[in-house]
Asks: 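The structure follows.
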Amino acid sequence: DEKVEKYKHIENKKKEILGDVSKLEVTLDKLQSAIHNPDLDSDAVKKLEKIKESVETTMNALKQDYVGLDLIKKNV
């Protein structure tokens with residue numbers, strides 16, 4: 001049935017998104033630790049903070065995609 005296939009596809013995409021978000025959360029934790037390393041100079045900290053902001057933006061986009069898939073699933 002086409003609806004079942006669409007539903008399975010959506011659920012698989014949601015699982016992928018959750019996996020990606022989990023990996024990014026680990027990365028954020030590592031970045032946060034590195035940013036608070038007293039041995040880093042200010043330029044390195046600024047670069048890490050920019051990377052952290054980028055990772056957070058990506059995470060937010062993935063979370064929005066997840067919610068969007070949930071909305072699509074309701075209409076399947």
Asks: Rounded to the nearest 0.5 Å, what's the gap from NZ on K47 to CG on D41? Could you check?
Replies: 8.0 Å
Asks: At what distance, to the nearest 0.5 angstrom, does CG of L48 lie from CG of D43?
Replies: 11.0 Å
Asks: With rounding to the nearest 0.5 angstrom, report the CG to CG distance, N60 to L24.
Replies: 10.5 Å
Asks: Return the CD1 to CD1 distance between I72 and I10, rounded to the nearest 0.5 Å.
Replies: 6.0 Å
Asks: Supply the atom-to-atom distance L28 CG to K52 NZ, rounded to the nearest 0.5 angstrom.
Replies: 7.0 Å
Asks: Please report the closest heavy-atom contact between V76 and Y7, naming both atoms and the distance.
Replies: CG1-N, 4.5 Å
Asks: Assess the residue pair K15 and E11 against the criterion (salt bridge (Lys or Arg N to Asp or Glu O under 4.0 Å)); give the C-alpha distance rounded to whole Å, side-chain angles, the decisive distance to 0.1 Å, and a yes or no.
Replies: CA-CA 6 Å; K15 285 180 188 175; E11 285 302 310; over 6 Å; no
Asks: Quick one: does K13's side chain get under 4.5 Å of H9's, heavy atoms only?
Replies: yes
Asks: If Ile, Leu, Val, Met, Phe, Trp and Tyr residues are connected whenever their side-chain heavy atoms lie under 4.5 Å apart, and connections chain through other members, are V67 and L18 in the same group?
Replies: no
Asks: Quick one, E25 and V21 - any side-chain contact, counting heavy atoms below 4.5 Å?
Replies: yes
Asks: Hey, what do you get for CD1 (I17) to CD (Q64), rounding to the nearest 0.5 Å?
Replies: 11.0 Å
Asks: Any non-hydrogen side-chain atom of K30 less than 4.5 Å from a side-chain atom of T27?
Replies: no
Asks: Using a 3.5 Å distance criterion without hydrogens, assess whether the side chain of T57 forms a donor-acceptor pair with backbone atoms of E53.
Replies: yes
